[in-house]
Amino acid sequence: LQTALGQYLDLTSADPARVDFSRFSMDVYTAVVVYKTAWYSFYLPVALGMRLAGITDPTLYVQARAICVEMGEMFQVQDDYLDCYGDPQVTGKVGTDIRDNKCSWLINTALPIASDKQRNVLEANYAKKSDGAERAVRTVFDELDIVGKFRAYEDAANARVLEMIAQVHGMPTTIFTMLLAKIYKRNK
């Protein structure tokens with residue numbers, strides 16, 4: 001159910017035929033990420049492992065959910081970043097979020113800080129199926145230092161997760177530290 005809700009939000013946040021940035025926001029993005037990625041890919045497997053290990057303390061499940069949601073969000077933000085800036089030879093895929101009108105972290109970070117001129121460029125070129133339009137969007141992203149903002153976000157998210165892990169008492173935290181080590185600074 002959680003994943004289906006996230007998928008629905010993802011599909012309804014953008015009209016594939018036209019750009020409507022009023023449908024985009026960091027709140028919408030976060031809801032998509034939490035339901036579509038964090039819950040299914042991070043929290044559910046950890047919670048099931050906890051059940052199998054006989055952990056019954058509800059507080060530990062609340063902590064695990066918070067940690068996993070934070071890691072799931074970090075993972076999806078990284079995925080959005082790699083979609084635009086990743087090396088296809090390393091990632092194994094060619095990014096399409098800009099052309100597909102995705103409500104990604106990059107566009108949601110750019111919109112609130114873009115000048116009127118930059119926003120006009122984004123509106124004229126986002127969701128267009130051409131190399132030139134994609135380059136124009138990337139140029140605005142570069143002007144707004146989206147790469148620097150991503151790096152700052154990733155470092156801050158990593159620090160938050162480490163702090164949250166340090167607060168867990170009553171179960172081993174290796175699963176969290178191992179997951180975090182796999183995703184922090186990943187390039188694919």
Side-chain angles (χ1 to χ4, degrees), residues 1-11 13 24-93 95-97 102-110 112 141 145-188:
L1 174 64
Q2 303 291 337
T3 305
L5 290 171
Q7 185 64 35
Y8 176 78
L9 284 170
D10 190 25
L11 292 172
S13 65
F24 288 6
S25 73
M26 204 53 89
D27 287 340
V28 169
Y29 175 77
T30 300
V32 169
V33 168
V34 167
Y35 291 111
K36 186 177 171 186
T37 303
W39 199 265
Y40 174 77
S41 299
F42 288 85
Y43 178 63
L44 184 58
V46 169
L48 290 173
M50 290 169 66
R51 284 279 182 227
L52 287 172
I55 296 170
T56 58
D57 182 348
T59 304
L60 292 173
Y61 284 89
V62 169
Q63 288 179 304
R65 183 179 22 197
I67 291 167
C68 290
V69 163
E70 188 74 33
M71 280 196 287
E73 184 174 344
M74 179 179 172
F75 183 87
Q76 187 60 54
V77 170
Q78 291 169 324
D79 204 54
D80 291 355
Y81 171 81
L82 292 171
D83 184 88
C84 184
Y85 292 104
D87 179 352
Q89 298 291 337
V90 176
T91 64
K93 62 181 184 173
T96 61
D97 286 358
K102 288 292 187 173
C103 180
S104 77
W105 183 87
L106 283 73
I107 193 68
N108 279 299
T109 299
F141 286 173
D145 189 27
I146 297 300
V147 170
K149 288 171 179 45
F150 164 75
R151 294 198 194 297
Y153 164 83
E154 186 180 38
D155 289 341
N158 184 67
R160 280 191 305 273
V161 172
L162 288 171
E163 286 177 22
M164 294 165 82
I165 292 170
Q167 300 302 312
V168 175
H169 303 290
M171 68 176 265
T173 58
T174 309
I175 185 63
F176 301 122
T177 55
M178 286 176 51
L179 281 171
L180 186 59
K182 284 188 175 289
I183 66 170
Y184 182 54
K185 301 285 187 188
R186 70 186 179 97
N187 62 1
K188 62 179 183 173

Does the side chain of [X] reach to within under 4.5 Å of the side chain of [Y], using non-hydrogen atoms?
{"X": "Arg65", "Y": "Val62", "result": "yes"}
{"X": "Leu179", "Y": "Ile67", "result": "no"}
{"X": "Leu9", "Y": "Lys36", "result": "no"}
{"X": "Leu180", "Y": "Met71", "result": "yes"}
{"X": "Asp10", "Y": "Lys102", "result": "yes"}

ask   = How long is the span from the CD1 atom in Ile107 to the CE atom in Met26, to the nearest 0.5 Å?
value = 10.5 Å
key: Ring centroid separation Tyr35 to Trp39 under 6.0 Å   =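 No, too far apart.
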request  = Any ring-ring contact (aromatic ring centres under 6.0 Å, His included) involving residues 56-77? Give me the pairs, sequence neighbours left out, ordered by first then second residue.
outcome  =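 Every ring-ring contact (aromatic ring centres under 6.0 Å, His included) pair that includes a residue of residues 56-77, provided the two are not neighbours, is Phe42-Phe75.
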Show me the side-chain donor-acceptor pairs of residues 80-92 shorter than 3.5 Å, one per line, residues at least two apart or across chains.
| residue | atom | partner | partner atom | Å |
| --- | --- | --- | --- | --- |
| Asp80 | OD1 | Gln76 | NE2 | 3.0 |
| Asp80 | OD2 | Tyr29 | OH | 2.7 |
| Asp80 | OD2 | Trp105 | N | 2.9 |
| Tyr81 | OH | Arg151 | NH2 | 3.4 |
| Asp83 | OD1 | Thr96 | N | 3.1 |
| Asp83 | OD2 | Thr96 | N | 3.2 |
| Asp83 | OD2 | Asp97 | N | 2.8 |
| Tyr85 | OH | Asp142 | OD1 | 3.2 |
| Asp87 | OD1 | Gln89 | N | 2.9 |
| Thr91 | OG1 | Asp87 | O | 3.3 |
| Thr91 | OG1 | Lys93 | N | 3.3 |
| Thr91 | OG1 | Lys93 | O | 3.0 |

Donor-acceptor pairs are to be reported for all side-chain atoms of residues 50-57 against protein atoms at under 3.5 Å, with residues two or more places apart or in another chain.
| residue | atom | partner | partner atom | Å |
| --- | --- | --- | --- | --- |
| Asp57 | OD1 | Thr59 | N | 2.8 |
| Asp57 | OD1 | Thr59 | OG1 | 3.4 |

What are the two closest non-hydrogen atoms of [X] and [Y], and how far apart are they?
{"X": "Pro45", "Y": "Tyr40", "value": "CD-O, 3.3 Å"}
{"X": "Cys103", "Y": "Val28", "value": "SG-CG1, 4.2 Å"}
{"X": "Val33", "Y": "Gly72", "value": "CG1-O, 3.9 Å"}
{"X": "Val32", "Y": "Gly6", "value": "CG1-O, 3.9 Å"}

key: Partner set under ring pair (Phe, Tyr, Trp, His ring centres under 6.0 Å) for Phe176, not counting sequence neighbours   = none
message = Applying side chain to side chain donor-acceptor pair (under 3.5 Å) as the test, list every pair that has at least one member in residues 178-188; sequence neighbours left out.
response = Gln78-Arg186, Asp155-Tyr184, Asp155-Lys185
request  = Kindly say whether Asp27 contributes a backbone atom to a donor-acceptor pair with the side chain of Thr30 at under 3.5 angstrom?
outcome  = no
Distance-only donor-acceptor pairs under 3.5 Å for side chains of residues 160-170, two or more places apart:
| residue | atom | partner | partner atom | Å |
| --- | --- | --- | --- | --- |
| Arg160 | NE | Glu70 | OE2 | 2.9 |
| Arg160 | NH2 | Glu70 | OE2 | 2.8 |

